[in-house]
Engineer: 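For reference, the structure I am asking about is given below.
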Amino acid sequence: MEVSHTGPRAASRPGRRLDRARQAAPQVFERLRNAILALELPPGSPLSRADLAAQFGVSSTPIRDALMRLEEEGLVDVFPQHATVVSRVDVGRAQQAHFLRQALELEIVRLLAESHDEALIIRLDQAIALQQQFARAGDFESFIAGDNEFHAQLYAAAGKQELWTLVRSRSGHIDRLRRLHLPSPGKAQNIVRHHRLITRAIEAGDADAAQQHLRTHLSGTLSELDRIRTRHPEYLSD
């Protein structure tokens with residue numbers, strides 16, 4: 001199953017009105033970032049500041065601030081006095097994000113396997129059950145949210161929530177690779193299977209097995225990089 005999107009016209013999708021009780025710029029950033037990661041705004045999509053201001057019903061200042069944050073994450077390319085476009089997937093950034101996440105989570109699952117937190121196992125099993133439902137329904141966006149929730153539970157149980165925030169802020173490029181890879185036959189079920197193996201290893205107090213299963217789990221997308229590039233050459237940088 002191929003990733004679907006509507007091309008550059010998808011730029012109109014995030015333009016729902018904002019919550020006036022919250023600051024505008026963070027909301028614009030969140031909505032644009034989510035649309036970019038979901039490939040609703042695929043690489044190469046133009047982002048007109050004037051159009052975005054009209055779509056969100058805000059002045060140019062929140063749009064500028066949101067685009068600056070997206071540029072810092074490498075998710076947009078800004079060409080002064082010319083255009084702002086969604087960036088192509090930077091494989092180097094994706095590999096660095098993977099390195100960071102793997103280094104942190106290997107230690108986290110070891111810590112959790114040694115702590116014997118029964119309540120955590122219940123929460124992880126619930127997250128896995130939801131993911132299984134989303135996988136069967138082919139609801140990839142909800143599936144990805146469930147995947148993130150599973151890993152967020154690991155960080156929270158280890159008392160490392162701020163590190164999860166750091167990881168998420170560095171994961172834009174590898175998240176887009178995962179989104180391109182997810183529709184591949186069997187990929188979603190493999191993720192669910194890996195989550196179960198990690199959970200059972202933590203439950204059994206087997207730190208080595210938990211780390212082994214996590215390493216396999218996190219490496220799945222990068223191991224298929226050549227295949228992803230062949231299918232979507234226009235989305236990836238050289």
Side-chain angles (χ1 to χ4, degrees), residues 26 29-30 33-34 36-38 69 72-75 90 92-135 139-179 181-182 187-225:
F29 168 75
E30 290 166 8
R33 188 179 192 275
N34 288 340
I36 290 170
L37 298 191
R69 287 186 63 187
E72 289 172 0
E73 292 193 14
L75 295 177
D90 185 321
R93 281 182 180 247
Q95 290 169 331
Q96 289 192 49
H98 169 263
F99 184 90
L100 171 65
R101 183 167 179 177
Q102 180 170 267
L104 292 172
E105 292 192 23
L106 284 174
E107 294 306 311
I108 285 173
V109 296
R110 173 168 290 279
L111 177 65
L112 296 177
E114 295 170 350
S115 68
H116 305 290
D117 184 346
E118 294 183 5
L120 170 65
I121 301 304
I122 293 172
R123 294 194 299 272
L124 293 179
D125 282 336
Q126 290 172 340
I128 292 169
L130 279 175
Q131 272 198 287
Q132 183 66 71
Q133 293 178 23
F134 297 140
D139 184 349
F140 292 134
E141 304 315 318
S142 295
F143 183 89
I144 289 170
D147 189 1
N148 286 332
E149 176 61 22
F150 177 88
H151 288 272
Q153 290 282 357
L154 299 178
Y155 284 77
K160 309 298 183 186
Q161 294 94 325
E162 290 186 9
L163 292 180
W164 175 244
T165 301
L166 171 65
V167 165
R168 298 302 305 140
S169 72
R170 298 293 187 271
S171 296
H173 290 274
I174 197 163
D175 281 350
R176 288 193 288 172
L177 280 180
R178 290 191 176 110
R179 183 62 184 83
H181 189 205
L182 184 57
K187 174 60 178 175
Q189 290 299 336
N190 271 339
I191 291 173
V192 172
R193 181 171 62 85
H194 290 154
H195 283 180
R196 286 199 183 102
L197 289 170
I198 293 166
T199 301
R200 298 286 74 82
I202 292 173
E203 183 179 30
D206 191 338
D208 290 341
Q211 289 185 319
Q212 177 184 344
H213 294 313
L214 177 76
R215 188 178 285 108
T216 300
H217 171 53
L218 292 182
S219 299
T221 292
L222 286 180
S223 69
E224 296 291 325
L225 182 58

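Nothing fancy with the numbering, it's 1 onward along the sequence.
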Engineer: Does a donor on one side chain sit under 3.5 Å from an acceptor on the other, for Gln189 and Gln132?
Structural biologist: yes
Engineer: Would you say the ring centers of His98 and His173 fall short of 6.0 Å from each other?
Structural biologist: no
Engineer: Is there a donor-acceptor contact under 3.5 Å from the side chain of Ser169 to the main chain of Leu166?
Structural biologist: yes
Engineer: Quick one: CZ on Arg196 to CD on Glu203, what's the gap to the nearest 0.5 Å?
Structural biologist: 13.0 Å
Engineer: Taking Leu214 as the fixed residue, which of His194, Gln102, His151 is the one that meets the side-chain contact (heavy atoms from CB on, under 4.5 Å) rule?
Structural biologist: His151
Engineer: Donor-acceptor pair, distance only, cut-off 3.5 Å: does the side chain of Gln153 make one with the backbone of Leu124?
Structural biologist: no
Engineer: Taking all non-hydrogen atoms of both residues into account, name the closest pair between Trp164 and Ala152 and its distance.
Structural biologist: NE1-CB, 3.6 Å
Engineer: Salt bridge check: are Arg200 and Asp125 linked by an N-O gap of less than 4.0 Å?
Structural biologist: yes
Engineer: Does the distance from a Lys or Arg side-chain N to an Asp or Glu carboxylate O, for Glu73 and Arg33, drop under 4.0 Å?
Structural biologist: yes
Engineer: Looking at Arg110 and Glu107, does any basic side-chain N land under 4.0 Å from a carboxylate oxygen?
Structural biologist: no
Engineer: Does NZ belonging to Lys187 count more than 12 external heavy atoms closer than 6.0 Å?
Structural biologist: yes
Engineer: Looking at Ser223 and Gly220, would you say the former's side chain and the latter's main chain have a donor-acceptor pair under 3.5 Å?
Structural biologist: yes
Engineer: Give me the atom names and distance for the closest heavy-atom approach of Leu104 to Tyr155.
Structural biologist: CB-OH, 4.0 Å
Engineer: Between Arg178 and Asp147 (salt bridge meaning N to carboxylate O under 4.0 Å), is one present in this structure?
Structural biologist: no
Engineer: Is it true that Glu141 and Arg179 have a side-chain N and a carboxylate O under 4.0 angstrom from each other?
Structural biologist: yes
